Amino acid sequence: MDSIRSNMISGTVPSAGIPAGQGGVKANPGVNMPGDSVTISNSGMPVQDGGMILSPSSTPSVDASAQQVQNNTSQAQTQAPAAESFPRTISMVDDAPKTAHSGAETKPASQYDESYVPGKSAELVQTKSTVENLTKLARSVRLSENALLVGPTGAGKTAIVKYLAHLTQNGLRRINLNDMTDITEIIGGFKPNQQGRPEWHDGIVVESMKKGQWLLLDEVNLADPAILERLNSLLDDDRSLILTEKNNEVVKAHENFRCFATMNPSSYAGRKKLSAAMMNRFHKVWMDGLEPSEMVEVLKAKSKLPDKTLLQMCMFHQTIADMAEHKQIGKKDGNFPFSLRDMQKWIKRINHYKEKDPNADVGKIIWREARHVYEDRFIREADRAIVEDTLKLTFSEANKPADGVKTLISENGKTVKIGDMDLNVNPEGGAFVPSAKARLVSIDSTNKVLEKMAKCVNFDEPVLLVGPTAAGKTAKVKYLANLTNNNLRRYNLSMQTDTTEFIGGFKPTGVPGEYKWSDGILVDAMKKGDWVVLDEINLAEPAILERINSLLDGDRSLVLTERENERVEAHPNFRVFATMNPATGDYGGRKELSLAMRNRFSEIWDPGVTDTNETTDIVKVFMKKVPEGDKLASRMVTFQTELAKKVESKEIGAKQREGFVYTIRNLQRWSEYMKEFTEEAGAQQAFLDGAEHIYASEIADKADRKAIADLAKTIWETK
């Protein structure tokens, strides 16, 4: 990286439709405006985008003559696809002009933190929409406008800002706003230093203002409106802030400083409407998702599948997404978002299996992985059947993989094979590895969910398990952690959860006036490479959860605005799981996850054990130490099944307001009762007393209690 970086151009360059020096338009820091051609260039040359040239911060800013622009464009166009209907090229030119503009202002490289410049991973496939959105952003940069990107989840709002920062080699600071964001995080405040004494620390906004970095306010309409209004003077022509918290110090924004913001529509869970005063300070840009033809272009850059197959995949995706959006599928179970993220997961999995076995039937792989990415989240069989029908119409029934394949689990000490997925066993382990008690009974329904989870772990996808109470969602995460010897950190979320609990905060050291930073569970696990399960994730406030958006994206990082804006990169072994009950009337306090949060997970519907034979197999394991435990287990399962039917038909419990849910937990508790009292009271009496203790005692009506006792006697006598 050059030792001198340019931050300003004092002159103007003729632009199409805007003669130099006219219309009150001046060239802004690092930006020139040429003609109409579209060239996105890299490797140190100016970046020209839709009639805009943005000089990378890594080189001195330059004057670009019309001939230079024409030459660069001509060289680049030789690499452009001839079939495109819009001008679009990528140029890698080594002979970019090196002469600094006479009015350029420079600063030592030591003041420029390259760690905040997005790397090559920020590059996007240059579809028509991508180029158009880059053009809009380039204009805002040129005009020193604050740009607000609005659109659905997965539209690429954050990604397009990162890409422009990468192209221009500008440092980009990102802050995920939420309902708990306070003024000290964005402006600054007095926080403990290394010695635990109070000392002023700039917030992320003030720091980026001073250093001339770009600032991205992610999910801006999640923040408290009063916090946002604090930035009004920065977003005005003044481009300054008065730090009333620090003796009224005035901070003027460096001329390279630019402010971007993103938000989902206010209809998303937890989102607020921006005030008219705040909205008016931004140039608003609506971003749609990609068209199917553009998705094909994106996937072509990541796959060697034929264009026809990629188009079929895109059309399938669009069909499912449209049906979900218009409530034709999933209408009774909440919102199911689909975006480009799902397409990228799908293609990544297909690539994996193609590389593993080049002779494998690709058609069957495409269908099978579509089930995992698209179908597995739906609760109702009718919705799943619609997805299957759409697959059949799109890819032909000849490609349908076999149903009912049994999932097997095997271990050899170094790897665990779950179905067709191999996971490495962590050789280090640790204090938080679940014990052998976490191992579950090997039944097919459990193993199939484990196989889906194992795929997510292998492909580094955050996992969201949704299911009824006692389905064993957390138990399956613990079992997988035990099999792979990974530390598992469990965090129970609630309506009282705030970000300091899982991010961290300053805590007293015991010495008066001294405080020390303590990492929360999530940050600690990120650093150490542990696994984390966020239990009951939809009990927490939606705005709190958005704090970890960047962690669930490809960034795999968090910026600790609470601690001098430290950036924490997740260890390669780190994984995130979450569990929740459906947000229906059966589960009080549960909220709908925002579409933005939900779409960042790979979602799996886990109904638990629903087959009577599998339930009996589990109870037999519980009853191993009880004489004739297998026979007793069969009687116990039959009793609970018949009781559930009577409760559903209102033969029992009709007068009681509280509903009854009978799960494996009830049978496990009954098994413990049988272990304790069978030898003392005899099998029959322990069975009857156990039914009363576990089931009848929770019902208020005497007649219902007698009906339960009679049912227990009937089951004992008939089995």
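A quick note: this is a predicted structure, and the numbers were derived from the prediction, not measured.
Side chains of Asn447 and Glu451: a donor-acceptor N/O pair is absent below 3.5 angstrom, by distance only. Remark: the Asn426 side chain and the Thr484 side chain contain no N/O donor-acceptor pair separated by less than 3.5 Å. Judged purely by distance below 3.5 Å, without hydrogens or angles, the side chains of Arg598 and Thr153 never pair a donor atom with an acceptor atom.
Both tests do not hold together for Arg547 against Phe502: distance to the six-membered ring centre under 6.0 Å, angle to the ring axis within 45°.
Shown here is Glu411, whose CD atom has more than 12 heavy atoms of other residues, nucleotides or ligands within 6.0 Å. Within a 6.0 Å radius of NZ in Lys356, more than 12 heavy atoms belonging to other residues, nucleotides or ligands are found. Annotation: Lys452, atom NZ; neighbour count of heavy atoms from other residues, nucleotides and ligands within 6.0 Å is above 12. Environment of CD in Gln328: crowded, with over 12 heavy atoms of neighbouring residues, nucleotides or ligands closer than 6.0 Å. Within 6.0 Å of the NZ atom in Lys706, the count of heavy atoms belonging to other residues, nucleotides or ligands does not exceed 12. Annotation: Glu692, atom CD; neighbour count of heavy atoms from other residues, nucleotides and ligands within 6.0 Å is above 12. Counting heavy atoms of neighbouring residues, nucleotides and ligands inside a 6.0 Å radius, atom NE2 of His693 does not exceed 12 of them. Within a 6.0 Å sphere centred on NZ of Lys713, heavy atoms belonging to other residues, nucleotides or ligands number 12 at most.
Taking the six-membered ring where tryptophan is involved, the planes of Tyr662 and Tyr695 are tilted, since the angle between them lies from 30° to 60°. Using a 30° and 60° split on the angle between ring planes, Phe577 and Trp531 fall in the tilted class, from 30° to 60°. Under the 30°/60° scheme for interplanar angles, the aromatic rings of Phe316 and Phe395 are found to be tilted. Relative orientation of the Tyr374 and Phe338 rings is parallel, given thresholds of 30° and 60° on the angle between their planes.
Side-chain N or O atoms of Lys476 include one that pairs as donor or acceptor with a backbone N or O of Ala471 at under 3.5 Å. A donor-acceptor pair under 3.5 Å is formed between the side chain of Lys348 and the backbone N or O of Phe459. In this structure, the side chain of Asn538 engages the main chain of Asn581 through a donor-acceptor pair within 3.5 Å. Asp553 contributes no side-chain N or O that, together with a main-chain N or O of Asp555, makes up a donor-acceptor pair within less than 3.5 Å. Not a single donor-acceptor pair under 3.5 Å links the side chain of Ser634 to the backbone N or O of Lys631. The backbone N or O of Ile521 sits nowhere less than 3.5 Å from a side-chain atom of Asp524 that would complete a donor-acceptor pair. Side chain of Thr714 to backbone of Asp710: a donor-acceptor contact under 3.5 angstrom is found. Counting only distance, with no hydrogens or angles, the side chain of Asn485 and the backbone of Val433 share no donor-acceptor pair below 3.5 Å. At least one donor-acceptor pair under 3.5 Å links the side chain of Trp346 to the backbone N or O of Ile366. Under the 3.5 Å distance criterion, the side-chain polar atoms of Glu501 are matched with a main-chain donor or acceptor of Asp498.
Across Arg384 and Ile379, no two heavy atoms sit closer than the pair NE-O, 4.3 Å. Annotation for Ala540 and Leu493: closest pair CB-CB, 4.1 Å, computed over non-hydrogen atoms. For the pair Ile365 and Ala360, the tightest heavy-atom approach, listed with the atom from each and the gap, is CD1-CB, 3.7 Å. In this structure, Met313 and Ile350 approach most closely via the heavy-atom pair CE-CD1, 3.6 Å. Shown here for Leu551 and Ala570, the closest heavy-atom pair between the two residues is CD1-CB, 4.3 Å. Among all heavy-atom pairs drawn from Ser550 and Leu558, the shortest one is OG-CD2, 3.8 Å.
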TODO: Show the numbers, then the answer: is there a side chain to side chain contact (heavy atoms under 4.5 Å, CB included) between Trp716 and Leu632?
DONE: CA-CA 9 Å; Trp716 180 267; Leu632 290 170; 3.6 Å; yes

TODO: Report the C-alpha distance between Ile652 and Ile699 in whole Å, list the side-chain angles of each, state the deciding distance to 0.1 Å, and finish with yes or no for side chain to side chain contact (heavy atoms under 4.5 Å, CB included).
DONE: CA-CA 9 Å; Ile652 293 178; Ile699 293 182; 4.0 Å; yes

TODO: Would you please test Val619 and Met674 for side chain to side chain contact (heavy atoms under 4.5 Å, CB included) and show each step?
DONE: CA-CA 12 Å; Val619 179; Met674 297 293 290; over 6 Å; no

Task: side chain to side chain contact (heavy atoms under 4.5 Å, CB included) between Trp605 and Val466, intermediate numbers included - done: CA-CA 5 Å; Trp605 167 249; Val466 183; 4.0 Å; yes

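Under the 4.5 Å side-chain criterion, counting only non-hydrogen atoms from C-beta, Arg368 is not in contact with Lys364. Side-chain contact between Thr616 and Thr638: absent, with no pair of heavy atoms (C-beta onward) separated by less than 4.5 Å. Residues Ile708 and Phe639 meet the side-chain proximity criterion, which asks for heavy atoms closer than 4.5 Å. By the 4.5 Å heavy-atom criterion applied to side chains, Phe622 and Ile618 are counted as neighbours. With contacts defined as side-chain heavy-atom distances shorter than 4.5 Å, the pair Asp689/Tyr673 qualifies. Looking at heavy atoms from C-beta onward, Leu483 lies in side-chain contact with Arg439 at the 4.5 angstrom threshold. Side-chain contact between Thr407 and Leu450 is absent, with no heavy atoms from C-beta onward closer than 4.5 Å. Phe336 has its side chain out of reach of Ile329: every pair of non-hydrogen atoms, C-beta onward, lies at least 4.5 Å apart.
Under 4.0 Å is where a charged nitrogen must lie from a carboxylate oxygen, and between Lys675 and Glu672 at least one such pair does. Look at Lys645 and Glu642 and you find a salt bridge, because one of the NZ, NE, NH1 or NH2 atoms lies within 4.0 Å of a carboxylate O, short of that distance. Ion pairing of Asp535 with Lys473 is absent here, as no side-chain N (NZ or NE/NH1/NH2) approaches a carboxylate O to less than 4.0 Å. Using a 4.0 Å cut-off between charged side-chain N and carboxylate O, Asp519 and Lys528 make no salt bridge. Comment: Asp376 does not engage Arg371 in a salt bridge, judged by the lack of any side-chain N to carboxylate O separation of less than 4.0 angstrom. Salt-bridge check for Asp460 with Arg556: passed, with a basic side-chain N closer than 4.0 Å to an acidic carboxylate O.
The only member of Asp383, Asp342, Asp606 that meets salt bridge (charged side-chain N to carboxylate O under 4.0 Å, His left out) when paired with Arg377 is Asp342. Applying the side-chain contact (heavy atoms from CB on, under 4.5 Å) test between Glu461 and each of Arg349, Arg600, Met453 identifies Arg349 as the sole match.
If you take CG on Asp530 and CG on Asn573, they are separated by 8.0 Å, rounding to the nearest 0.5 Å. We find the OG1-CG distance between Thr319 and Asp389 to be 12.5 Å, quoted to the nearest 0.5 Å. Of the inter-residue distances, the one linking Leu423 atom CG with Leu480 atom CG reads 6.5 Å to the nearest 0.5 angstrom. Expressed to the nearest 0.5 Å, how far CD1 of Ile443 lies from CG of Asp611 amounts to 8.5 Å. In this structure, CZ on Arg575 lies 8.0 Å from CG on Asn458, to the nearest 0.5 angstrom. Rounding to the nearest 0.5 Å places CD1 of Ile320 at 4.0 Å from OG1 of Thr390.
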